[in-house]
Amino acid sequence: MASVLNTVPSLRLSNFNNTNRVRIRQVFTPSPVSFTRRRLTIRATETDANEAVKPGAPDKAPAAAGSSFNQLLGIKGAAEETNIWKIRLQLTKPVTWPPLVWGVVCGAAASGNFHWNVEDVAKSIVCMMMSGPFLTGYTQTLNDWYDREIDAINEPYRPIPSGAISENEVITQIWLLLLGGLGLAGLLDVWAGHDFPIIFYLALGGSLLSYIYSAPPLKLKQNGWIGNFALGASYISLPWWAGQALFGTLTPDIIVLTTLYSIAGLGIAIVNDFKSIEGDRELGLQSLPVAFGEETAKWICVGAIDITQISVAGYLLGAGKPYYALALLALIIPQVIFQFQYFLKDPVKYDVKYQASAQPFLVLGLLVTALATSH
């Protein structure tokens with residue numbers, strides 16, 4: 001699930017307009033695939049006006065001076081790597097897995113039926129593997145594949161545009177992660193004794209959402225509002241639903257509440273748009289920083305995050321759970337402080353510091369909400 005299945009930190013990758021790119025190959029087209037080992041070195045594509053797009057960021061994060069730790073996590077500042085398995089891991093962006101894993105924890109807690117025994121712990125671990133390494137790994141690899149031209153502008157040192165991994169190796173990885181994740185989803189339905197395979201269909205739906213988010217012709221990420229909300233829902237709602245369905249029953253109020261929380265996920269996704277303004281603007285993409293300007297987009301971002309959480313606290317208060325509402329409000333305060341200290345000052349320079357500082361309080365708020373709904 002794209003979420004179950006895909007960003008919070010480092011979630012959002014740059015995008016490019018269908019009219020402004022050269023199509024090399026789609027992952028799911030039935031055209032013949034050559035099994036020779038080809039390495040792709042992507043250059044900046046041309047615009048419709050046949051004006052060359054100048055790569056404006058070739059030295060933003062020189063690989064030679066990068067960090068091996070960053071390389072394994074799949075974040076910027078990564079060292080150049082030749083080991084194919086480390087490169088494969090980098091494409092799955094392990095740094096994006098924890099929010100999905102946490103979503104499963106929240107869903108299990110919200111079910112009220114999780115017990116600390118061997119079977120339930122084993123079920124939850126399998127669900128976390130499905131949500132994180134497999135389906136989020138699928139989502140991130142797929143996204144990098146379809147972003148290969150724009151990454152040649154914004155992040156030319158990444159594995160695909162730099163030619164560190166071949167075309168066939170990337171496509172194989174996408175399919176193996178997808179099929180592995182769907183297989184685990186089916187296993188969990190059997191294990192939980194479901195008459196209707198709800199986890200499998202959640203995984204299938206999340207995988208489809210991941211595809212239309214990254215791939216033409218829909219390519220949801222071309223629209224800042226729709227794309228970022230889809231990303232937020234994938235990282236918050238879908239893993240929560242999977243965890244709750246595994247141990248209990250999904251209810252309409254939970255679906256509404258988690259969908260509302262996905263608006264906060266939209267705000268988190270916007271954080272990652274700022275580092276891609278240059279490429280988005282050159283390729284005509286309507287990310288929110290491009291569409292509204294950096295200053296306005298900053299306030300849209302923090303507003304989506306803070307107002308959503310305040311609204312959820314109000315919901316909990318109205319549901320007769322004042323202590324949980326107060327706990328959630330207490331967790332919002334440090335987020336606002338870090339927004340002013342880091343993000344609102346310079347969203348590009350301090351994006352990592354801001355996310356590392358503020359987002360732990362947001363995910364704790366998710367758990368508070370989950371515990372509140374379980375009682």
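Note: hydrogens, waters and symmetry copies are ignored here, and every other heavy atom, side chains too, is used.
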Does Thr92 form a side chain to side chain contact (heavy atoms under 4.5 Å, CB included) with Gln173? I'd like the steps, not just the answer. CA-CA 9 Å; Thr92 66; Gln173 176 163 321; 3.5 Å; yes

Check side chain to side chain contact (heavy atoms under 4.5 Å, CB included) between Leu331 and all other residues, then give those that pass, not counting sequence neighbours. Phe361, Leu364, Val368

Test item: Asp189 side-chain N/O and Ile199 main-chain N/O as donor-acceptor pair under 3.5 Å: yes

Has the side chain of Lys321 got a donor or acceptor atom that lies under 3.5 Å from a matching backbone atom of Ala372? yes

Side chains of Ile268 and Gln359, heavy atoms from C-beta outward: is any pair under 4.5 Å? yes

Quick check against the 3.5 Å criterion: does Thr136 have a side-chain atom that pairs as donor or acceptor with the backbone of Pro133? no

Is Leu317 linked to Ile254 within one hydrophobic cluster, defined over Ile, Leu, Val, Met, Phe, Trp and Tyr using a side-chain heavy-atom separation of less than 4.5 Å? no

same_hphob_cluster(Trp175, Ile212) at 4.5 Å side-chain heavy-atom cutoff: yes

Starting from the C-alpha separation in whole Å, work towards a yes-or-no answer on side chain to side chain contact (heavy atoms under 4.5 Å, CB included) for Asn272 and Gln355. CA-CA 10 Å; Asn272 296 287; Gln355 294 188 76; 3.7 Å; yes

For a quick test of reading the model, state the closest non-hydrogen atom pair linking Thr249 to Gln244 and the distance between them. O-NE2, 3.3 Å

Under the ring-ring contact (aromatic ring centres under 6.0 Å, His included) rule, what do Phe343 and Phe274 come out as? Steps first, then yes or no, please. CA-CA 11 Å; Phe343 182 73; Phe274 288 90; 5.5 Å; yes

Whether the side chain of Ser131 engages the backbone of Met128 through a donor-acceptor N/O pair (distance < 3.5 Å, no angle test) should be reported. no

Quick note, salt bridge (Lys or Arg N to Asp or Glu O under 4.0 Å) partners involving residues 95-120, not counting sequence neighbours, are Glu119-Lys123

From CA spacing to verdict: side chain to side chain contact (heavy atoms under 4.5 Å, CB included), Asp144, Arg148: CA-CA 6 Å; Asp144 266 23; Arg148 59 194 183 277; over 6 Å; no

Between Tyr138 (side chain only) and Ser207 (backbone N and O only), is there a donor and an acceptor less than 3.5 Å apart? yes

What pairs of residues pass the ring pair (Phe, Tyr, Trp, His ring centres under 6.0 Å) test when at least one of them lies in residues 91-120, not counting sequence neighbours? Phe114-Trp116, Phe114-Phe247

Of all heavy-atom pairs between Asp151 and Pro161, which one has the smallest distance, and what is that distance? CB-CG, 3.9 Å

Tightest non-hydrogen contact, residues Ala313 and Leu328, listed as N-CD2, 3.6 Å

Using side-chain heavy atoms (C-beta onward) and a distance below 4.5 Å, is Asp280 in contact with Ser276? yes

Can you tell me how far apart OG1 (Thr82) and CD1 (Ile87) are? Round to the nearest 0.5 Å. 6.5 Å

Please report the closest heavy-atom contact between Ala109 and Ser374, naming both atoms and the distance. O-CB, 3.1 Å

For a 4.5 angstrom cut-off between non-hydrogen side-chain atoms, does Trp241 reach Val104? no

Taking side chain as C-beta onward, heavy atoms only, is Lys93 less than 4.5 Å from Thr96? yes

With a 4.5 Å heavy-atom cut-off, do Gln339 and Ile305 have their side chains touching? yes

Quick one: does Leu220's side chain get under 4.5 Å of Leu209's, heavy atoms only? yes

For this output row, return yes or no: ring centroids of Tyr354 and Tyr342 closer than 6.0 angstrom. no

Could you list the residues that satisfy side chain to side chain contact (heavy atoms under 4.5 Å, CB included) with Leu260, not counting sequence neighbours? Ile263, Thr308, Ser311, Val312

Is the side chain of Arg88 donor-acceptor paired with the backbone N or O of Glu169 at a distance under 3.5 Å, no angle test? yes

Starting from Val348, can I reach Val271 by hopping between I/L/V/M/F/W/Y residues whose side chains sit under 4.5 Å apart? yes

Looking at Asp147 and Arg158, is there a salt bridge between them, counting it only when a charged N and a carboxylate O are closer than 4.0 Å? no

What distance separates Thr141 OG1 from Trp145 CH2, expressed to the nearest 0.5 Å? 12.0 Å

Taking the side chain as everything from C-beta on, heavy atoms only, tell me whether Gln335 gets closer than 4.5 Å to Phe338. no

Exam field: side chain Arg281 to backbone Glu278, donor-acceptor pair closer than 3.5 Å: no

Under 3.5 Å, is there a donor on one side chain and an acceptor on the other for Lys221 and Asn143? yes

If you link I, L, V, M, F, W and Y whenever their side-chain heavy atoms are under 4.5 Å apart, who else ends up in the same group as Ile333? Ile337

For residues 288-302, which side-chain donor-acceptor pairs fall under 3.5 Å, sequence neighbours excluded?
| from | atom 1 | to | atom 2 | distance (Å) |
| --- | --- | --- | --- | --- |
| Glu295 | OE1 | Lys298 | NZ | 3.2 |
| Lys298 | NZ | Leu344 | O | 2.8 |

Can you list the steps and then say if Gln286 with Trp225 is a side chain to side chain contact (heavy atoms under 4.5 Å, CB included)? CA-CA 9 Å; Gln286 290 301 303; Trp225 292 108; over 6 Å; no

Just by distance, do the side chain of Ser262 and the backbone of Thr258 share a donor-acceptor pair under 3.5 Å? yes

For Ser214, does its backbone N or O pair with a side-chain atom of Lys219 as donor and acceptor, under 3.5 Å? yes

Can you check whether Leu177 reaches Leu135 side chain to side chain, under 4.5 Å on heavy atoms? no

Would the distance check show the side chain of Ser111 and the main-chain N or O of Ala108 forming a donor-acceptor pair, the cut-off being under 3.5 Å? yes

Going hydrophobic residue to hydrophobic residue with side-chain gaps under 4.5 angstrom, can you get from Ile198 over to Val256? no

Tyr315, Ile307: one ILVMFWY side-chain cluster at the under-4.5 Å cut-off? no

Minimal heavy-atom distance between Val336 and Asp306, with the atoms involved, is CG2-OD2, 3.7 Å

Option passing side chain to side chain contact (heavy atoms under 4.5 Å, CB included) with Gln309 (candidates Leu362, Thr369, Leu366): Leu362

